[in-house]
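Predicted, not measured: the structure shown is a model, and the values here were computed from it. In what follows, every heavy atom counts, from backbone to side chain, and hydrogens, waters and symmetry copies are set aside.
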Amino acid sequence: MKKIDLHSHTLISDGTLTPNDLVERAKAKGVEMLAITDHDTVDAYEQLSPASYDGLKIIPGVELSTQWRGVGVHVVGLNLSLDSASIKEGVAQQEKARADRAQIIAKRLTKLVGPIDFNRVSEIANHSQIGRPHFAQHLVELGVVKNISTAFKKYLGDGKPGDVKQCWAELPNIIGWIVKAGGVAVLAHPLKYKMTWTKRSALLDDFIAAGGRGMEVVSGQQSKQETDRLARLCVEKGLLASCGSDFHQSSQWSDIGAMSAFPTVCKPIWLDW
């Protein structure tokens with residue numbers, strides 16, 4: 001089976017590699033089909049050099065943030081038109097939401113730990129989109145916490161003061177932008193959401209009703225039991241199956257192209273690409 005990675009990030013959002021360096025790493029790891037899915041932006045594609053692909057098939061993508069019943073949820077848009085008015089409108093709205101969110105996070109952290117140097121956080125983010133990992137790194141620099149993991153555990157993780165969700169567009173709007181851009185909406189990493197399987201099934205029902213057509217049955221390294229359960233859910237809901245490493249950096253979660261085995265009972269989302 002081809003090595004396919006349809007979920008990865010560059011330093012344009014919260015990864016560590018440039019778009020071209022990510023492509024080079026993907027090729028070195030034997031990846032044959034790659035989607036760059038930065039958070040709420042498609043700017044990485046403007047920096048890519050087509051001459052560097054060398055047989056690597058690039059699938060235009062994006063990962064959009066939203067919420068469902070108070071839970072932060074991510075939707076990956078794949079094989080979409082980067083020139084679409086709908087995706088440009090959506091990305092612009094999400095980028096503003098992300099900027100507003102960063103200001104809210106800074107104010108909340110200031111109340112808890114003291115002054116936050118927003119300019120420094122922006123530097124950490126390479127003067128691009130600011131996310132929670134950039135605040136986490138700043139908290140480490142300030143000596144507030146020993147490491148990024150502790151920063152999330154105490155201040156920035158799900159349900160913590162730095163976990164701001166109310167800025168994002170609603171789920172139907174997110175999916176609408178993707179569909180109007182000719183893309184396929186995919187529910188990202190279903191196991192990362194803190195919810196029961198019953199609630200996860202309900203999320204997928206609402207996702208499908210809004211026009212969603214796929215779900216990630218493999219996200220980085222996961223157990224066979226987890227993959228099998230997601231595969232059954234995917235088949236039950238009649239969804240296309242996607243997979244991705246959710247790569248950010250080589251020491252975090254999973255390397256590019258490094259994922260658990262894809263379940264053969266599912267219909268791959270990329271068959272017609």
Side-chain angles (χ1 to χ4, degrees), residues 1-9 31-37 39 57 59-69 71-80 158 170-248 253-273:
M1 183 176 177
K2 291 182 178 180
K3 185 176 284 190
I4 293 169
D5 194 332
L6 300 177
H7 190 153
S8 65
H9 297 275
V31 175
E32 296 175 68
M33 182 182 292
L34 174 72
I36 298 175
T37 54
H39 292 284
K57 187 175 180 63
I59 303 297
V62 66
E63 184 173 10
L64 299 172
S65 308
T66 184
Q67 60 176 333
W68 177 83
R69 298 187 187 180
V71 178
V73 170
H74 291 169
V75 177
V76 168
L78 294 175
N79 205 30
L80 47 78
D158 290 347
E170 296 296 322
L171 179 62
N173 292 348
I174 292 285
I175 295 175
W177 292 332
I178 295 169
V179 173
K180 289 177 183 176
V184 182
V186 177
L187 182 67
H189 40 62
L191 292 179
K192 288 187 178 178
Y193 311 126
K194 293 182 179 179
M195 58 178 67
T196 64
W197 280 93
T198 299
K199 195 169 183 179
R200 194 173 284 110
S201 178
L203 164 59
L204 281 170
D205 288 339
D206 287 352
F207 175 78
I208 292 167
R213 292 181 53 213
M215 65 177 282
E216 288 182 356
V217 295
V218 175
S219 179
Q221 300 292 344
Q222 58 192 40
S223 70
K224 185 178 185 303
Q225 182 180 16
E226 290 172 328
T227 300
D228 289 345
R229 196 165 188 187
L230 285 176
R232 288 195 296 270
L233 188 59
C234 184
V235 172
E236 174 191 327
K237 300 295 183 182
L239 290 165
L240 299 170
S242 187
C243 62
S245 62
D246 198 6
F247 174 81
H248 288 71
W253 299 315
S254 171
D255 205 344
I256 190 76
M259 295 162 286
S260 299
F262 188 86
T264 57
V265 297
C266 295
K267 182 177 179 179
I269 198 167
W270 58 82
L271 282 183
D272 296 329
W273 295 347

Please lay out, stage by stage, how S219 and D246 fare under the test side chain to side chain donor-acceptor pair (under 3.5 Å).
-> CA-CA 7 Å; S219 179; D246 198 6; 4.7 Å; no

Looking at every heavy atom in both [X] and [Y], which two are closest together, and how far apart are they?
{"X": "S65", "Y": "I174", "value": "O-CD1, 3.5 Å"}
{"X": "D5", "Y": "G257", "value": "OD2-N, 2.8 Å"}
{"X": "H74", "Y": "Y193", "value": "N-OH, 3.0 Å"}
{"X": "S8", "Y": "L34", "value": "OG-CD1, 3.7 Å"}
{"X": "S245", "Y": "A258", "value": "CB-O, 4.1 Å"}
{"X": "L6", "Y": "V76", "value": "O-CG1, 4.2 Å"}

Under 3.5 Å, is there a donor-acceptor pair between the side chain of [X] and the main chain of [Y]?
{"X": "E216", "Y": "H189", "value": "yes"}
{"X": "E226", "Y": "Q221", "value": "no"}
{"X": "R200", "Y": "M195", "value": "yes"}
{"X": "S242", "Y": "I269", "value": "no"}

One should read off an interatomic distance between W270 CH2 and I59 CD1, to the nearest 0.5 angstrom, of 11.0 Å

Name of the residue among V218, L191, V235 meeting side chain to side chain contact (heavy atoms under 4.5 Å, CB included) with L230 = L191

Please indicate whether K267 has more than 12 foreign heavy atoms, meaning atoms of other residues, nucleotides or ligands, lying under 6.0 Å from its NZ.
->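 Not buried by this count: 12 neighbours or fewer within 6.0 Å.
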
